[in-house]
2 protein chains.
Amino acid sequence: MAETKKSNLQLVAAKAGVSVSSVSRVLNGGSASEELARKVREAADELGYVPHASARTMRTGRTDQITLAVADVGNPVYVQMMRTVTGIVAKAGYRLVVSSTGADPQSQIDLVTSLNRGYADGLLMSPLRITEDLVEAMRSSRLPIVVIGTLPADVALDNVRADSATGIGLAVEHLVAQGRRRIALVNGPVDTVPGSARLAGYLSAIERFGLATSAELQVTASAFTYKAGRKATAALLGQASPDAIIGANDLLGVAALKELAAAGRRVPGDVAVVGMDDTDAAELATPSLTSVDLGSAKRAKAAAKLLIRRIADPGAPVSRIVIPPALSVRESTGGQA
Amino acid sequence: MAETKKSNLQLVAAKAGVSVSSVSRVLNGGSASEELARKVREAADELGYVPHASARTMRTGRTDQITLAVADVGNPVYVQMMRTVTGIVAKAGYRLVVSSTGADPQSQIDLVTSLNRGYADGLLMSPLRITEDLVEAMRSSRLPIVVIGTLPADVALDNVRADSATGIGLAVEHLVAQGRRRIALVNGPVDTVPGSARLAGYLSAIERFGLATSAELQVTASAFTYKAGRKATAALLGQASPDAIIGANDLLGVAALKELAAAGRRVPGDVAVVGMDDTDAAELATPSLTSVDLGSAKRAKAAAKLLIRRIADPGAPVSRIVIPPALSVRESTGGQA
DNA sequence: CTGTTAGCGCGTTCAA
DNA sequence: TTGAACGCGCTAACAG
């Protein structure tokens, strides 16, 4: 069996009685005679030779790695993205490494900086909060970056975004069709990209359908998490009597579901609930959660392809892709299981 | 603002009018005069200098990276581990990269091999299936590895394991105390590490408490996932009438919950349900899911510390740590919300 | 088809 | 305190 001791091209070359460049050629698919190739492979095998990634990177400038940066590995929407991206990048010959930055913009800036040290050939990132500094860091990065999520219009970076506004419109339309009038929003922090987009979408949809809203019908969770959602929904129920609740993501939607149950309200009888992202969490919830599919899998796929193209062709024109939303109706708004 | 163009020590040195070694020293905290340090920092800042990771790695042999390999990023137990580990390794000066291997042993072997190329200073892995080849690959790896999960007794690798058998014993004891007699098991694949451990634990606990079981009371899902769990539970309900179901993880437990609801059985009235791992999914389920806490956070923490120690001291004796289980009682077995 | 050699960027000797 | 020079392991010119 291979020993996997410290070994290098020189040792292999010595053992095989050939030159280092011949070893390199054989191992990288260059042309060589049968005889030489055999000797090289034999020696390499016997020594358990594994090439040194850093040395290769230093020479070639490539790492064959792509980094996916997400704010919270616990958010099922990122899980979907990871699953999708893994396949795409692997097919293109890259290994995917996942990096969990927090919600903090500074740690995201640190990540961009850090990747400029040459840890990866490209970065897929879905920033929760976009600050001037982060934009500046991404802009001045020498590493190709594709942003998943909305970006200021003047930033010339490839990006793939969802259409939250239309998505929330779908949810409101669906709720209105069922006679709901007092539609509440359990949002995440409004200083985040999705938080602000979803609030704007909600307000615009409410107006478009001629409904009324109020400060009491809008609550903001401290984070896009289940726990924060429970708290926010509890506050909501203490100050208003909605007949429908839209959670700004599935975790917040599930939290609303649970809080309503704890408060003895029936879903969808008394209150209908809609989540966003259409993740596994929506399917697992009881009652199952109607959710706005913001195309996270499609977004991830498109972003990965964009990044791969950008790495291959740094001069390509900047692409902006918008993925249209869809509604997955489930039990929490009267749909079938 | 820093330009983050391609730059290196030489360019910085030239700009500052000093030698490269002086720049290196200043930037790495060596001794230097105030004046020189100032000039160096200024030049570095102006050029947006970022050190080249591969070059540094090649010189020092360190990457300051630790890899966590998990089988399925969608499994909430791994999410818990990622969260825990991120903090620990960061505090020790390492960056964490997460790698999602599939359940396939070969891809895990590939990962070990690949990391021997020098992508990381250490590996935390939680193998789903352990084969001879994987053991051999880990054993002959020159990279420090800590295994989270049970390992054959003769493998001299640091490892931190749960005590599934005792854990299932806790669940069975709890169910028996509530008068349940026909306790079913919805297991994951038995050729996996947790699958076989949990089956053995189940059989031993059933016997210890003087209960009966049968082939009909034991079903095996094709994977530790929600979808597979639904299918397996449906099969179970078609062939037996359990008054309690133990899911081999929380996803399988939630699946049982949902399938029971679909079949019109009440939980815990007709059937009590217990999951394993005590993840967020147990809390989010309706009714909330009683779950055996196998100490995933503690295991991850212990493993990370072990790995960091091992990297610092490769000659340290091999450690084996067992984390004791606990039971989190929730609604699905009659506990409070 | 094969071997020799330069140099990627860095940290670290050793001298001055 | 500072600078010059070497070499980590590899790939890609270039030479033969």
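Treat the numbers as computed from the prediction; the structure is a model and nothing was measured. So that the names make sense, note that chain A is the first sequence line, chain B the second, and so on, each numbered from 1.
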Checklist entry - Whole-Å distance between C/dT2 C1' and A/Glu35 CD? => result 14 Å
Checklist entry - Which whole-number value in Å describes the distance from B/Asn28 CG to C/dT12 C1'? => result 11 Å
Checklist entry - Atom CZ of B/Arg38 to atom P of D/dT2: distance rounded to whole Å? => result 13 Å
Item to check | A/Arg56 or B/Ala32, whichever maps to the more 5' nucleotide of DNA chain D | outcome: B/Ala32
Checklist entry - A/Val26 versus A/Arg41: any side-chain heavy-atom pair under 4.5 Å? => result yes
Next on the checklist: Can you tell me whether the side chain of A/Ser21 and the base of C/dT5 have a donor-acceptor pair closer than 3.5 Å?
Outcome noted: no
Checklist entry - Starting at CD of A/Gln10 and ending at P of C/dG3, how long is that distance when rounded to a whole Å? => result 14 Å
Next on the checklist: Less than 4.0 angstrom from a charged side-chain N to a carboxylate O is my criterion; do B/Glu42 and B/Lys39 meet it?
Outcome noted: no
Item to check | Close side-chain approach of A/Asn159 and A/Leu157, heavy atoms under 4.5 Å | outcome: no
Next on the checklist: Can you see if the side chain of B/Asn8 gets near the phosphate of C/dC8 - specifically, an N or O under 4.0 Å from OP1 or OP2?
Outcome noted: no
Next on the checklist: Whole angstroms only, please: what is the NE2-C1' distance between A/His52 and C/dG9?
Outcome noted: 14 Å
Checklist entry - Between B/Leu36 and A/Thr60, who's closer to the 5' end of DNA chain D by nearest nucleotide? => result B/Leu36
Item to check | Protein-nucleotide distance (A/Arg25, atom CZ; D/dC10, atom P), rounded to Å | outcome: 15 Å
Checklist entry - Is any side-chain N or O of A/Ser24 closer than 4.0 Å to OP1 or OP2 of D/dT11? => result yes
Checklist entry - B/Ser22 or B/Ser54: which one's nearest nucleotide on DNA chain C is closer to the 5' end? => result B/Ser54
Next on the checklist: What I want to check is whether an N or O donor and acceptor connect the side chain of B/Arg59 with the base of D/dG9 at under 3.5 Å.
Outcome noted: no
Next on the checklist: Is there a side-chain contact between B/Ile308 and B/Ile66 in this structure, where contact means two heavy atoms from C-beta onward sitting under 4.5 Å apart?
Outcome noted: yes
Item to check | B/Leu9 CG - C/dC8 P separation (whole Å) | outcome: 13 Å
Checklist entry - Whole-Å distance between C/dG9 C1' and B/Leu47 CG? => result 15 Å
Checklist entry - Do the charged groups of B/Arg95 and B/Asp64 touch, with an N to O distance under 4.0 Å? => result no
Item to check | Residue A/Ser33, side-chain heavy atoms: nucleotide from C/dT5, D/dC10, C/dT2 that is nearest | outcome: C/dT2
